[in-house]
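Reviewing the structure listed below.
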Number of protein chains: 4
Amino acid sequence: MHAIDLNSDLGESFGAYTLGMDEKLMEYITSANVACGWHAGDPLVMQKTIRAAAKNGVAVGAHPGYLDLMGFGRREIKITPEEAYTYVLYQLGALDAFTRTEGVKIQHVKPHGALYNQACKDEKLASAICRAAQAFDGELIVLAPYNSAFRTAAEAIGQPFAGEFFADRAYLPDGSLVPRSQPGAVIHDADEACRRVLQMAREGTVTCLDGTELTMRCVSVCVHGDNAEALATVKKIRCSLEQDGVLLRAMKELI
Amino acid sequence: MHAIDLNSDLGESFGAYTLGMDEKLMEYITSANVACGWHAGDPLVMQKTIRAAAKNGVAVGAHPGYLDLMGFGRREIKITPEEAYTYVLYQLGALDAFTRTEGVKIQHVKPHGALYNQACKDEKLASAICRAAQAFDGELIVLAPYNSAFRTAAEAIGQPFAGEFFADRAYLPDGSLVPRSQPGAVIHDADEACRRVLQMAREGTVTCLDGTELTMRCVSVCVHGDNAEALATVKKIRCSLEQDGVLLRAMKELI
Amino acid sequence: MHAIDLNSDLGESFGAYTLGMDEKLMEYITSANVACGWHAGDPLVMQKTIRAAAKNGVAVGAHPGYLDLMGFGRREIKITPEEAYTYVLYQLGALDAFTRTEGVKIQHVKPHGALYNQACKDEKLASAICRAAQAFDGELIVLAPYNSAFRTAAEAIGQPFAGEFFADRAYLPDGSLVPRSQPGAVIHDADEACRRVLQMAREGTVTCLDGTELTMRCVSVCVHGDNAEALATVKKIRCSLEQDGVLLRAMKELI
Amino acid sequence: MHAIDLNSDLGESFGAYTLGMDEKLMEYITSANVACGWHAGDPLVMQKTIRAAAKNGVAVGAHPGYLDLMGFGRREIKITPEEAYTYVLYQLGALDAFTRTEGVKIQHVKPHGALYNQACKDEKLASAICRAAQAFDGELIVLAPYNSAFRTAAEAIGQPFAGEFFADRAYLPDGSLVPRSQPGAVIHDADEACRRVLQMAREGTVTCLDGTELTMRCVSVCVHGDNAEALATVKKIRCSLEQDGVLLRAMKELI
């Protein structure tokens with residue numbers, strides 16, 4: 001039997017501002033990456049999101065980002081590894097206050113936006129983030145691209161790692177994503193996205209843009225719930241996995 | 001044998017800004033109220049402060065405040081009890097990420113500035129803060145004035161409470177502080193401050209501005225380390241307590 | 001001929017967060033209260049909003065608020081008049097940088113949320129805000145409730161004042177709004193709202209909840225564009241005014 | 001007769017946090033770069049700083065930076081030129097509200113920290129900042145290193161430019177500063193700093209670390225007032241210039 005996790009970013013509303021379709025998305029995913037109040041989210045939103053996750057049986061992960069609400073954590077900031085370490089710890093702790101009071105445990109950590117992208121390529125940054133995860137909880141899973149500095153860093157210190165697959169993005173033979181600026185980078189066809197997820201889930205491979213078949217052992221697929229169309233794709237992926245006998249399980253059960 | 005705790009606000013530096021004489025103050029106090037990044041403090045400062053406290057054997061408390069760095073958390077903000085509950089939880093968790101990685105445990109929580117002052121008189125706010133403390137850790141001590149809504153709220157839900165005594169402030173017969181706008185509100189003489197602390201520590205009383213002797217059972221005395229003069233007073237209070245055979249112990253050993 | 005201004009709050013989006021239906025609303029209003037980056041809005045949003053207002057011939061006003069994005073400026077904060085003075089000045093200047101580069105001039109200032117509500121009753125706060133308006137530009141119109149500390153404060157220093165009428169709110173005989181907690185406080189019927197605007201525009205009166213007819217000389221009516229229903233009401237009010245021969249003019253032409 | 005301007009960063013205090021020795025520094029400099037509330041400074045500090053500058057006859061410049069108080073604007077952030085344009089405009093306007101009410105005019109703009117350093121090498125960023133300066137005021141002087149993208153960008157659109165000389169930093173033959181990581185990068189001897197300023201003021205040259213004599217036409221020298229030692233150096237530079245007959249004038253009189 002094959003099994004896979006579906007993860008998505010949630011809890012990104014802030015004060016009077018609403019973002020995402022969290023309640024509906026909760027019905028289809030198995031793991032939620034919850035914003036921790038820096039790039040998005042606030043304490044009331046965090047509490048509400050954790051409660052909804054607990055109610056829906058969705059596993060909770062921390063989604064720490066830069067203190068850049070205006071840029072939604074998407075802009076690169078040059079920080080030191082020591083800063084990254086303390087920033088991730090701070091946000092892990094803040095989220096933990098809400099999970100412990102709701103009787104759940106933080107399953108994983110997946111950095112957000114620019115922090116995620118920078119650390120994928122920056123060993124020192126990736127190492128700082130993995131060390132923060134370990135200092136916080138030795139069982140905390142680091143969720144990140146299979147081919148990234150995160151995996152190397154997590155394995156180097158023996159911290160659990162989960163590879164993350166992007167259903168709607170084309171891959172290069174080195175395992176990195178085709179940059180959005182290039183043609184064919186984004187897979188717009190939901191059926192094609194489903195086929196790719198199934199192939200990855202069953203065979204542990206992805207067919208690259210140039211036709212190369214690449215090993216890609218990911219236990220989790222990243223999906224989005226920004227709008228109705230995105231939600232429809234998530235629903236389709238979930239149905240397609242269930243029809244093909246792929247079990248949907250939170251990543252902690254898969255590694 | 002009498003024993004007492006000396007608490008002080010620490011970790012209030014932020015980024016390039018330095019505030020307080022934390023390192024020196026650590027030598028004299030037994031409990032530190034550590035800012036949690038909202039009204040003051042940042043992750044690097046929090047880590048450094050927790051490390052220094054651990055090294056000096058000073059017990060650590062959370063010092064949550066309003067998200068008002070510009071006003072240093074000293075300006076009243078009208079928030080709902082639910083907001084207060086989540087704001088305190090968030091900051092408790094954030095601080096906890098640093099205490100757990102340094103092998104210590106948060107001993108107490110003492111709200112900062114306007115949040116503290118408002119909740120002293122506002123039962124709903126005090127209750128929300130005490131409930132947050134309890135949700136986070138049933139053994140977390142709420143540190144606040146002996147005669148305040150905090151004590152009532154903590155006792156109502158069975159959360160540990162520690163009364164806090166102000167060495168340099170005159171009291172009214174109802175147990176509240178003489179407002180700073182009134183003559184005699186502040187005790188500037190360090191010797192007089194020492195005498196008051198000793199009386200409170202040994203007899204559990206305070207002599208009010210009008211001469212009334214009032215019961216005041218506080219296990220902790222609040223001291224300040226903002227400048228050299230304040231530091232000298234703390235040193236004097238500590239010496240005076242030791243000379244008179246009053247033991248200095250963190251509040252968790254006293255309640 | 002009677003004439004009136006329709007004002008609305010705009011430019012309240014922030015970073016990745018969108019709020020309001022600014023583009024559509026611009027077609028119906030004559031004055032826009034533009035958020036200045038403290039309670040809402042950011043520099044890109046401000047620039048975009050000013051450009052859209054200039055293009056639609058809508059007069060621009062500053063909508064300064066508290067530095068409380070998490071509370072959307074709706075929570076009371078106890079600040080000093082001096083703080084209020086500098087906070088309003090800061091935001092006026094920030095907005096002015098965008099109006100001057102688009103070739104328009106700030107017509108008016110209308111504080112936002114809690115700052116507005118507090119100053120309506122607090123003479124010192126209202127005075128500080130009016131003095132900031134005057135220091136910035138002696139012709140800047142202060143837009144606020146007809147019966148409020150704002151009018152007294154503006155008149156005391158000879159700063160232009162424009163009364164603002166709420167089409168969808170019931171009034172008490174003292175000219176203040178019926179609190180939202182009381183029955184009948186909000187007028188949900190769009191036709192009834194239109195009738196009230198027409199009466200105010202033509203006769204300068206409002207019929208209070210208890211039947212009292214009250215003098216109410218406002219040159220501007222506050223409308224909302226938060227959602228499709230609100231937008232429909234604005235459209236209806238505008239049509240109804242035009243059909244009855246009431247001219248729609250920016251407030252600077254009316255005082 | 002030779003003449004030169006001495007500029008320094010001021011108004012970098014924030015809320016309860018004090019930074020710099022502004023009042024004393026004001027006695028020696030001719031131009032102040034005033035923080036605008038993003039990387040440092042707040043409205044009360046801005047008002048106080050502008051008042052002190054006006055009183056001391058010190059010309060005022062805007063010192064816009066990143067919205068990164070925690071990093072004091074010293075960390076690189078990858079922003080778009082359009083963002084830079086609006087961020088600089090916003091801060092120029094905010095500062096202008098305080099200069100106009102104190103009867104002075106913003107003389108120049110000098111970006112702060114990482115924004116300054118990034119734009120020195122990034123033509124698009126430098127161009128966006130110069131265009132913001134021009135949109136705000138066609139006479140506003142851009143103050144930046146003589147050999148930098150700022151000069152090219154300012155000259156390309158005909159905006160006034162003033163070169164800035166660093167008295168305590170060694171130069172490379174291409175006109176850039178020797179990186180701080182290299183030996184000899186910082187000139188610690190105050191007398192040597194004075195000699196270099198005099199040479200630059202009188203001959204328009206600087207002797208590079210490798211002995212090369214380089215043309216360096218700067219009208220302003222950057223000095224620091226962070227502590228007593230820095231202040232002593234500023235005093236020494238000023239005295240030395242006066243003794244050698246170099247006039248001290250605000251940069252607007254020199255270009």
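Reminder, nothing fancy here: chain letters follow the sequence lines and each chain counts from 1.
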> Per the side chain to side chain contact (heavy atoms under 4.5 Å, CB included) rule, which among C:Phe14, C:Tyr17, C:Phe72 passes with A:Phe14?
Replying inline: C:Tyr17
> Would one find more than 12 heavy atoms of other residues, nucleotides or ligands at under 6.0 Å from atom CD of A:Glu23?
Replying inline: no
> Quick check: are there more than 12 heavy atoms from other residues, nucleotides or ligands sitting under 6.0 Å from CD of A:Gln182?
Replying inline: yes
>> Could you check whether atom NZ of C:Lys105 has more than 12 heavy atoms from other residues, nucleotides or ligands sitting under 6.0 Å from it?
In response: yes
> For the candidates A:Asp68, A:Thr18, A:Leu19, which exhibits the highest count of non-hydrogen atom pairs separated by less than 4.5 Å from chain C?
Replying inline: A:Leu19
> With a 4.5 angstrom heavy-atom cut-off, which part of A:Leu44 approaches chain C: side chain, backbone, both or neither?
Replying inline: neither
>> Would you say NZ of A:Lys24 has more than 12 non-hydrogen atoms from neighbouring residues, nucleotides or ligands within 6.0 angstrom?
In response: no
